[in-house]
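Following: one structure in structure tokens, then a few remarks.
Excluded from the calculations below are hydrogen atoms, water molecules and symmetry mates; all remaining heavy atoms, backbone and side chain alike, are included.
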Amino acid sequence: QVQLLESGGGLVQTGGSLRLSCAASGRTFSSYAIGWFRQAPVKKREFVAAVSRSGDSTYYADSVKGRFTISRDNAKNTVYLQMNNLKPEDTAVYYCAADLLPPLGSSFAEYDYWGQGTQVTVSS
């Protein structure tokens, strides 16, 4: 069992930055990968970024490459999503999720546990 709790969302202007955190508990943190997904109103949940169990591999959606950075601190049981140069189209609820089995993936169906989400709103 894995419990995930997101934090760090908020309201920011276009071009601004936010750092989201995903704090995990339960199963040994370094035994699973973590992904970030987002869902805007009336849209499907979409993949944003993922980081491997050790943190040495990362994977990004094309829409956020060069602007977002995912990282993890296994000593703190926490994954971070640094979001820079935010755009109005980044507005969504952001979720972190745990993937218990390799390889590192971008499909919603590959992830086993989900947090409750944190709202990010980017004003134009």
Side-chain angles (χ1 to χ4, degrees):
Q1 194 80 344
V2 176
Q3 293 80 41
L4 302 168
L5 182 64
E6 303 93 338
S7 62
L11 173 64
V12 65
Q13 292 185 331
T14 296
S17 298
L18 283 174
R19 188 176 80 157
L20 305 184
S21 297
C22 173
S25 60
R27 189 180 175 121
T28 303
F29 185 65
S30 59
S31 68
Y32 50 88
I34 292 285
W36 283 96
F37 290 75
R38 64 187 182 187
Q39 188 166 17
V42 302
K43 289 190 176 180
K44 292 183 179 179
R45 194 169 295 191
E46 66 173 359
F47 172 75
V48 175
V51 61
S52 63
R53 290 173 288 178
S54 64
D56 58 358
S57 294
T58 56
Y59 183 26
Y60 296 92
D62 287 344
S63 58
V64 306
K65 262 182 204 172
R67 300 189 298 124
F68 291 12
T69 302
I70 189 170
S71 62
R72 68 189 294 159
D73 185 340
N74 284 353
K76 295 184 178 179
N77 287 8
T78 302
V79 169
Y80 304 99
L81 185 68
Q82 177 67 43
M83 306 187 296
N84 298 329
N85 190 21
L86 282 161
K87 305 175 181 180
E89 52 263 42
D90 295 317
T91 295
V93 177
Y94 283 70
Y95 301 88
C96 64
D99 180 1
L100 302 185
L101 296 175
L104 197 60
S106 61
S107 169
F108 175 91
E110 297 179 67
Y111 288 78
D112 305 285
Y113 296 95
W114 292 81
Q116 294 300 304
T118 185
Q119 176 70 48
V120 171
T121 303
V122 184
S123 63
S124 57

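- Distance alone, capped at 3.5 Å, is enough to place a donor-acceptor pair between the Y60 side chain and the I70 backbone.
- T14 places a side-chain N or O within donor-acceptor distance of the main-chain N or O of S123, the cut-off being under 3.5 Å.
- In this structure, D90 CG and T121 OG1 are separated by 11.0 Å, a value rounded to the nearest 0.5 Å.
- With rounding to the nearest 0.5 angstrom, the CE atom of M83 is 5.0 Å from the OH atom of Y94.
- Between D62 and K65 a salt bridge is recorded (basic side-chain N to carboxylate O distance below 4.0 Å).
- Among all heavy-atom pairs drawn from S30 and N74, the shortest one is CB-ND2, 3.6 Å.
- When atom types are taken as modelled, the side chain of S52 and the backbone of A33 share no donor-acceptor pair closer than 3.5 angstrom.
- Looking at F108 and W114, their side chains come closer than 4.5 Å, going by heavy atoms from C-beta outward.
- A distance-only check finds a donor-acceptor pair linking the side chain of E6 to the backbone of Q116 [under 3.5 Å].
- Rounded to the nearest 0.5 Å, atoms OH (Y32) and CZ (R53) are 12.0 Å apart.
- Here C96 contributes atom SG and R72 contributes atom CZ; the two are 11.0 Å apart, rounded to the nearest 0.5 Å.
- Rounding to the nearest 0.5 angstrom, the gap separating the NZ atom in K43 from the OG1 atom in T91 is 10.0 Å.
- Ring orientation note: the planes of F47 and Y59 are tilted relative to one another, at an angle of 30° to 60°.
- Under the 4.5 Å side-chain criterion, counting only non-hydrogen atoms from C-beta, W36 is in contact with V79.
- Rounded to the nearest 0.5 Å, atoms CG (L81) and OG1 (T118) are 11.0 Å apart.
- By the 30° and 60° cut-offs, the orientation of the rings of F37 relative to Y111 is perpendicular.
- At least one side-chain heavy atom of Y113 sits less than 4.5 Å from a side-chain heavy atom of Q1.
- Residues R38 and S63 meet the side-chain proximity criterion, which asks for heavy atoms closer than 4.5 Å.
- Annotation: side chain of I34 is not in contact with side chain of D99 (no heavy-atom distance under 4.5 Å).
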